Amino acid sequence: MKFLLQRLTFYVFTAWAALTINFFIPRLIPGDPVTSLINKFQGQMSTDAINSLYVLFGLDKNASLWSQYVDYWGQVFRGDLGLSFTFFPTPVAEILRQSLPWTIALVGITTFASFMIGTSLGVLAGWRRGSIMDGLLPVTTFLSSIPYFWLGLLAITLLAGPDSFFPSSGGYEPGLVPSWNAEFIGSAVQHSLLPAVTILISSVSGWILTMRNMMVTVASEDYITVAHAKGLPERRVMVSYAARNALLPNVSGFALSLGFIVGGTLLVEIVFSYPGIGYNLFQAVGSKDYPLMQGVFLVITLSVLVANLLADVAYLLLDPRTRKEG
Amino acid sequence: MSAPTSTITAVTPEGPEVAAVPAKRRRLRFVANPKAATGLVVLAFFCLIAIIGPWVAPFDPSARSSDLIQAPSGKHWFGTTHLGQDIFSQVLVGTRGVMFVGLLAGLVATTLSILIGVSAGFLGGAADDSLSALSNVFLVIPALPLIIIVASTIPSAGDLMVALVIGLTSWAWGARVLRAQTLSLRRRDYVEAARATGESTWRIITFEIMPNLTAIIASGFVGTVIFAVMSEITLAFIGISTISEWNWGTILFWAQSQQALAQGAWWWFVPAGLAIAVLGTALSLINFGIDEFVSPRLRSSGHMRVKTKDGHSVRMRVGFTPVLSSKQAPVTPVVRRREEEVA
């Protein structure tokens, strides 16, 4: 419990830091791109909307920094992230609410799957060191050096096409309305196959490698020798003794590197025009839509923090030592 | 790690001639590692292109010509773009930006990670707590979206600016690793001895601790360069950094925005992507070399399968001592006897 509380405090602290960074970025950068956008949409925006943008981007030069900060927090807690200019006049929060499920489904599932597959392959590669599995390492290194988005481009060229099973863009058939029926879900799955495979191929090798190295280190521990000497079956020593201990640092590594992975996978959405927040970010960058950009950053950071917390709970379940003191 | 060489020089009474031998052999051993050697050669090749690329490029990368979207040929090795620009020249000229940003960002991030990681590990106490919290925060916040936002808010993000933004946001991993290692070195005997002789904190850090961190610092640097190259290309690809400066991401940006895929112009994005992948692989190989140099257990090569005289084959493995039974052996191995007892 103490461990979990500690972590929770840390995540609250990080969330605060992320929000504060978000507060300061538009204020520290010279130039004022938002005012020109507001002027462009003058007359179409309500006073409320303009006010909320003033708070988010610190356009009100008369207010002190502290009162701006307090206003900013109040606004974020109300879920008001301003209006998006790309999808005028939809609020940013509404856009993110629509696209977040897509990203969680695609990136969440593939990241988890790649961790599981990579770790299992890593266990084998580490245990059978010097066998054929080692020949796999250079291949996986090469695959992991390819940027996600380029692999996506390649996949589209080779596999997708007008008459191919794999659609080259979008999250579902253009004519369908998002709902929970078989036709829509089938179409969504079909559209997510290619992006998912792209993410899997380029992210799995990292897990193989770290798990292999961990296994090699653990394999020379005394308790492994003892387990062998007891005459336990090879499989049991590998899974219950070596892999179980090697897994712990890998899980905490997984939690820490989520930020990196999520950043990379967002690009796959861009290539496939997948309706997630990565694609939102791309659209926002293209049209200099700062409210949307900041909203995307905020949502990504908070999701990564939640994922981290989940990884911590998993760690708690795997490692009895963290549970010892009450 | 490289430190033991210096202790040998200090201890052996034979003099510098003899002591020089192990030092030389150790240095060669890193290069002799096939992974590291391959990586270094490829990296050197890219560095060379980064320097001479703009001079040897057959065309001006931005110059238009009448050869629109042409497949690779003798004249245009990698084909041409929608404006008739030579892609081979673009790749050559673009190498400089990629290498510059990668190395500079790596340098900035490594310096920061040494400053923060080593001081956190060495000073301990409240300084450690706050510095670790800082690096954990930077570790957990997704770096790439942060870089994208900062870079797109800056009015004109040139190579230098991009390198600085990447460097300033990606030091956390290195700092974390360095802190852990410093923590374990801090209480070693030789550090205590240095402290007892009254050496200043900075002297202890630079002369006693730092040499033992060389390998970790090097691998952290290489790792950051990989990340920086990827981030920079990503920024160019989604069109944030200035598209007037050529780099591999810019090529991919134009390929994507001009529908190279729909036109079947594979030559437009394949060379740049392959160049990224090869550079990334080379850097990873160097990192594997460093890892294996530091902890020889990780090496994959070597003779693992041993055949005994009576035809049994045994696979050698770390942490597992095989009992090789042979008929000539006078003593029966322990394992055998136990098996009989059980039966």
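A note on names: the letters A, B, ... follow the listed sequences, proteins ahead of strands, and every chain is numbered from 1. Owing to the predicted nature of the structure, the values given are computational and were not obtained by experimental measurement.
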Requested in this report: Let me see the working for F282(A) and I148(B) under side chain to side chain contact (heavy atoms under 4.5 Å, CB included), right down to the final yes or no.
Outcome: CA-CA 10 Å; F282(A) 178 59; I148(B) 290 178; over 6 Å; no
Query - Minimal non-hydrogen separation, I238(B) against V285(A), with atom names - result: O-CG1, 4.1 Å
Report task. Please name the pair of heavy atoms, one in A133(B) and one in F10(A), separated by the smallest distance, quoted to 0.1 Å. Result -> O-CE1, 4.3 Å
Query raised in the report: Measuring heavy-atom distances to chain A, does L146(B) have an atom under 4.5 Å in its side chain, in its backbone, in both, or in neither?
Result: both
**Report entry** Nearest atoms (heavy-atom pairs only) where I149(B) meets M293(A)
**Finding:** CD1-O, 3.5 Å
Query raised in the report: Which residues pass the salt bridge (charged side-chain N to carboxylate O under 4.0 Å, His left out) test with R179(B), sequence neighbours left out?
Result: D128(B)
Query raised in the report: Is it the side chain or the backbone of L151(A) that comes within 4.5 Å of chain B heavy atoms, both, or neither?
Result: neither
Report summary line: Minimal heavy-atom distance between W150(A) and F269(B), with the atoms involved, is NE1-O, 2.7 Å
**Report entry** Top of S231(B), G280(B), A143(B) for chain A proximity - count of heavy-atom pairs under 4.5 angstrom
**Finding:** G280(B)
Query raised in the report: With respect to chain B, which residue among L209(A), L281(A), D222(A), L302(A) yields the maximal number of heavy-atom pairs within a distance under 4.5 Å?
Result: L209(A)
Query - Y223(A) atom OH: more than 12 heavy-atom contacts under 6.0 Å - result: yes
Query raised in the report: Among I141(B), V150(B), V137(B), which residue meets the side-chain contact (heavy atoms from CB on, under 4.5 Å) test with I21(A)?
Result: I141(B)
Query raised in the report: What part of L153(A) gets closer than 4.5 Å to chain B, counting heavy atoms only: side chain, backbone, both or neither?
Result: both
Report task. Can you tell which part of L252(B) gets under 4.5 Å to a heavy atom of chain A, answering side chain, backbone, both or neither? Result -> side chain
Requested in this report: Spell out the residues in residues 12-19 of chain A that have some non-hydrogen atom less than 4.5 Å away from a non-hydrogen atom of chain B, in order of number; otherwise answer 'none'.
Outcome: F13(A), T14(A), A17(A), A18(A)
Query raised in the report: Contact part of V229(B) toward chain A, heavy-atom cut-off under 4.5 Å: side chain, backbone, both or neither?
Result: neither
Report task. Sort L274(B) into side chain, backbone, both or neither according to what part of it lies under 4.5 angstrom from a heavy atom of chain A. Result -> both
Report summary line: Pair count under 4.5 Å, heavy atoms only, with chain A: among A272(B), S170(B), P145(B), G273(B), highest is G273(B)
**Report entry** Trace of the side chain to side chain contact (heavy atoms under 4.5 Å, CB included) decision for L267(A) with L144(B)
**Finding:** CA-CA 10 Å; L267(A) 296 170; L144(B) 195 57; 3.9 Å; yes
